A.B. asks: 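Just passing along the structure, written as structure tokens.
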Amino acid sequence: MEMATNPPGPAVPNKARVAILAELEKERRRLLSTPGASISLSRPSLKDFRDNAEQQHIAAQQKAALQHAHTHSSGFFITQDSSFGNLILPVIPRLEPES
């Protein structure tokens with residue numbers, strides 16, 4: 001039984017594919033760098049729209065919570081993403097130890 005070997009011919013199409021892909025990538029980058037290209041090349045999906053609206057809603061809630069906390073408390077608060085869903089977190093200032 002003779003072992004089949006790959007002829008050198010298929011290597012040429014692979015090189016051609018690599019050159020074509022490189023040229024396509026260069027063209028894609030050129031198109032994306034032109035103003036307004038992202039609008040004509042892709043439309044935002046409904047999921048992206050919902051995510052953006054949700055982020056804006058959370059930002060508005062954070063701002064309102066931060067204003068309320070600053071108005072009604074003498075403490076310090078910051079806005080930060082929390083694993084537990086907290087919109088603002090209290091901050092305890094560092095005190096230098098007395099020497």
Side-chain angles (χ1 to χ4, degrees):
M1 182 174 229
E2 212 172 292
M3 194 175 228
T5 59
N6 291 334
V12 174
N14 285 338
K15 286 181 183 178
R17 275 191 218 126
V18 170
I20 291 170
L21 288 174
E23 186 65 32
L24 287 172
E25 180 65 21
K26 190 163 71 168
E27 182 69 14
R28 184 184 72 85
R29 287 185 183 166
R30 185 186 66 77
L31 288 172
L32 288 176
S33 67
T34 59
S38 60
I39 295 169
S40 63
L41 292 178
S42 65
R43 243 178 56 198
S45 68
L46 184 58
K47 183 184 180 310
D48 293 339
F49 180 75
R50 280 191 210 142
D51 289 346
N52 188 23
E54 185 177 338
Q55 287 173 350
Q56 288 177 350
H57 180 67
I58 290 172
Q61 285 179 326
Q62 281 181 331
K63 185 176 179 180
L66 189 61
Q67 286 176 344
H68 180 76
H70 283 159
T71 303
H72 294 91
S73 174
S74 61
F76 297 99
F77 298 88
I78 60 169
T79 59
Q80 183 173 351
D81 292 334
S82 169
S83 300
F84 301 101
N86 301 319
L87 297 176
I88 61 173
L89 299 174
V91 178
I92 301 171
R94 290 185 181 177
L95 300 174
E96 295 296 324
E98 293 182 17
S99 302

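Keep in mind that this is a model prediction, so the values were computed, not measured.
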A.B. asks: Answer yes or no: does atom CD1 of Ile92 have more than 12 heavy-atom neighbours from other residues, nucleotides or ligands under 6.0 Å?
C.D. replies: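 Open.
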A.B. asks: Measuring from atom CG of Leu32 to atom CD of Glu27, what distance do you get when rounded to the nearest 0.5 angstrom?
C.D. replies: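 It comes to 10.0 Å.
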A.B. asks: So how far is it from Asn86 CG to Gln62 CD, rounded to the nearest 0.5 Å?
C.D. replies: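 Reported value, rounded in 0.5 Å steps: 10.5 Å.
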A.B. asks: Residues in side chain to side chain contact (heavy atoms under 4.5 Å, CB included) with Asp51, at least two apart?
C.D. replies: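 Partners of Asp51 under the side chain to side chain contact (heavy atoms under 4.5 Å, CB included) test: Lys47.
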A.B. asks: Does the distance from a Lys or Arg side-chain N to an Asp or Glu carboxylate O, for Glu54 and Arg50, drop under 4.0 Å?
C.D. replies: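 No, Glu54 and Arg50 are not salt-bridged.
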A.B. asks: For Ala69 versus Ile88, what's the shortest heavy-atom pair and its separation?
C.D. replies: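 So the two residues come closest at CB-CD1, 3.6 Å.
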A.B. asks: Could you give the side-chain donor-acceptor pairs of residues 70-79 under 3.5 Å, partners two or more places apart or in another chain?
C.D. replies:
{"residue": "Thr71", "atom": "OG1", "partner": "Gln67", "partner atom": "O", "Å": "2.7"}
{"residue": "His72", "atom": "ND1", "partner": "His68", "partner atom": "O", "Å": "3.1"}
{"residue": "His72", "atom": "ND1", "partner": "His68", "partner atom": "ND1", "Å": "3.2"}
{"residue": "Ser73", "atom": "OG", "partner": "Gly75", "partner atom": "N", "Å": "3.1"}

